[in-house]
Amino acid sequence: MAASGKLASFRLPPLPTVGELIKLYHLRAEKQLSQNFLLDLKLTDKLVRQAGNLNNAHVCEVGPGPGGLTRSILNAGATDLLVVEKDSRFIPGLKLLSEAAPGRVRIVHGDILTYRMERGFPRSICQPWEEDPPNLHIIGNLPFNVSTPLIINWLENIANRTGPFAFGRTQLTLTFQKEVAERLTASTKSRQRSRLSIMAQYLCTVHHRFTIPGKAFVPKPEVDVGVVHFTPLVQPRIQQPFKLVEKVVRNIFQFRRKHCYRGIGMLFPEAHRDTFTEELMCKADVEPTMRPTELTIPHFKALADVYADMCSREPHLLGYDFREELRLKHLTRQERTPKGVTKGMTPSPEGPK
């Protein structure tokens, strides 16, 4: 599987294929790191095309591994490619690729979850948020174990216009397990509608571009993989702080099979739960018997807006966590139970035997 003609002119020295690099450096996908290599350049080329026109583009590739997707990004015309790789085993092969495309590849040996991407590109590429996206793209074949926390981090960055979104409405083209890809793009009433659906779609235009069969990866994962493209919206569909929106959405979807009032009630302390839940649902004009998957983003907007007003009136609500209240109640029960008495047993007048 040789590199295509566009990159061939940059080979100094001649570049081994991805398969040859894997053999040369004895590379093996680590199961605990959820690594799966995509070696078919036709598929990596197709994935990169979903990002749009990369001529003279700045690109950050997440987890390049042995560099198959990296070659396709270079072939597509990117002039500044920053690769962020945590696994030191892949650095020598990436350096060979950097030498083959002089001045076009920069390598960061680090963790994308903590890397400060806003420091990785020149401020000159910034675009006002209200205008077209900057000529900057994030592309990656993400390890399954970091894909969800990573996209949640980036969604929060979008809401706050920080990190890679300090440059403007930076677009993302990423891989996810097929089920996660379907959740990210699921419509109202869909079986896959979830917390991820709402959090992604209130901030971005999200498209599931195509599915890559698991057999295309080495080693073959147990699931197929979806390629998802994100473009941040000029105006988010819910105008509230990210943490507040995430709290409302998370609580509602924790009881996804029940009526939505059940999850909404968990936003409030038990002592006032019924009263506050009724107030929130009435003011937001949401039918209590709707299921979480039936709620539209306008429903979530109304719920978040009313909840924000209630938190302004009752500041303690914002920091309330029903799990902490349950934990404290459990500790109190334990402290009140005499030592040596099993829960549910009546202590003997003579004490435990």
Side-chain angles (χ1 to χ4, degrees), residues 1-3 7 10-41 43-44 47-48 58-76 78-121 136-154 157 163-164 172-177 212 214 216-221 225:
M1 184 171 52
L7 187 57
F10 293 97
R11 288 202 242 178
L12 295 171
L15 194 63
T17 66
V18 178
E20 289 169 347
L21 285 175
I22 290 173
K23 292 179 181 178
L24 178 64
Y25 293 106
H26 306 289
L27 300 176
R28 182 168 53 89
E30 294 290 347
K31 187 174 182 180
Q32 64 268 30
L33 297 178
S34 300
Q35 292 175 340
N36 301 96
F37 304 148
L38 186 58
L39 306 183
D40 187 339
L41 283 184
L43 283 174
T44 57
L47 192 160
V48 168
H58 298 264
V59 178
C60 176
E61 185 189 357
V62 181
L69 190 58
T70 313
R71 299 177 189 220
S72 291
I73 294 171
L74 290 169
N75 289 343
T79 56
D80 176 31
L81 174 55
L82 175 71
V83 298
V84 182
E85 178 54 63
K86 181 179 181 180
D87 193 332
S88 59
R89 298 175 304 147
F90 297 116
I91 300 301
L94 292 171
K95 286 181 177 178
L96 282 180
L97 189 54
S98 176
E99 293 169 0
R104 297 174 66 194
V105 181
R106 294 179 288 138
I107 301 169
V108 172
H109 183 197
D111 189 341
I112 191 63
L113 286 168
T114 57
Y115 178 65
R116 299 285 299 276
M117 200 182 299
E118 65 272 26
R119 298 177 179 177
F121 295 95
L136 170 63
H137 300 260
I138 299 173
I139 302 175
N141 174 28
L142 302 180
F144 294 157
N145 65 343
V146 301
S147 61
T148 298
L150 188 53
I151 194 59
I152 289 293
N153 283 354
W154 277 334
N157 286 156
L172 307 98
T173 307
L174 306 167
T175 63
F176 299 88
Q177 287 178 272
I212 304 174
F217 293 85
V218 178
K220 177 184 178 297
V225 172

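Numbers for residues simply follow the sequence, beginning at 1.
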Using every non-hydrogen atom in the two residues, find where [X] and [Y] come nearest and quote the distance to one decimal.
{"X": "Leu43", "Y": "Ala216", "result": "CD1-CB, 3.5 Å"}
{"X": "Ser72", "Y": "Val48", "result": "CB-CG2, 3.7 Å"}
{"X": "Pro64", "Y": "Val84", "result": "CD-O, 3.4 Å"}
{"X": "Thr70", "Y": "Leu81", "result": "CG2-CD2, 3.4 Å"}
{"X": "Leu47", "Y": "Thr173", "result": "O-CG2, 3.9 Å"}
{"X": "Leu136", "Y": "Pro164", "result": "CD2-O, 4.1 Å"}

Please round to the nearest 0.5 Å and tell me the distance separating atom [atom1] of [X] and atom [atom2] of [Y].
{"X": "Gln177", "Y": "Asn145", "atom1": "CD", "atom2": "CG", "value": "9.5 Å"}
{"X": "Glu61", "Y": "Asn141", "atom1": "CD", "atom2": "CG", "value": "8.5 Å"}
{"X": "Ile152", "Y": "Asn157", "atom1": "CD1", "atom2": "CG", "value": "11.5 Å"}
{"X": "Leu142", "Y": "Phe176", "atom1": "CG", "atom2": "CZ", "value": "5.5 Å"}
{"X": "Leu172", "Y": "Ile138", "atom1": "CG", "atom2": "CD1", "value": "4.5 Å"}
{"X": "Ser147", "Y": "Leu174", "atom1": "OG", "atom2": "CG", "value": "9.0 Å"}

Taking the side chain as every heavy atom from C-beta outward, state whether [X] and [Y] have any pair of such atoms under 4.5 Å apart.
{"X": "Val225", "Y": "Leu38", "answer": "no"}
{"X": "Val105", "Y": "Leu74", "answer": "yes"}
{"X": "Val108", "Y": "Glu85", "answer": "no"}

(message) Applying side-chain contact (heavy atoms from CB on, under 4.5 Å) to Ile73 and Ile139, what does each step give before you reach the verdict?
(response) CA-CA 9 Å; Ile73 294 171; Ile139 302 175; 4.2 Å; yes
(message) Please enumerate all residues that pass salt bridge (Lys or Arg N to Asp or Glu O under 4.0 Å) together with Arg116, with sequence neighbours excluded.
(response) Glu118
(request) Could you tell me whether the side chain of His137 and the main chain of His58 form a donor-acceptor pair under 3.5 Å? (result)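 No, His137 side chain to His58 backbone: no donor-acceptor pair under 3.5 Å.
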(message) Using modelled atom types and a 3.5 Å cut-off, is there a donor and acceptor pairing between side-chain atoms of Arg106 and backbone atoms of Gly120?
(response) yes
(request) Go through Ile107 and Lys95 one step at a time and tell me if the side-chain contact (heavy atoms from CB on, under 4.5 Å) criterion holds. (result) CA-CA 8 Å; Ile107 301 169; Lys95 286 181 177 178; 3.8 Å; yes
(message) Less than 4.0 angstrom from a charged side-chain N to a carboxylate O is my criterion; do Asp80 and Arg104 meet it?
(response)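 No salt bridge links Asp80 with Arg104.
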(message) What verdict does the side-chain contact (heavy atoms from CB on, under 4.5 Å) test give for Phe121 and Val59, after you've listed the backbone C-alpha separation in whole Å, the side-chain angles of each residue and the deciding distance to 0.1 Å?
(response) CA-CA 9 Å; Phe121 295 95; Val59 178; over 6 Å; no
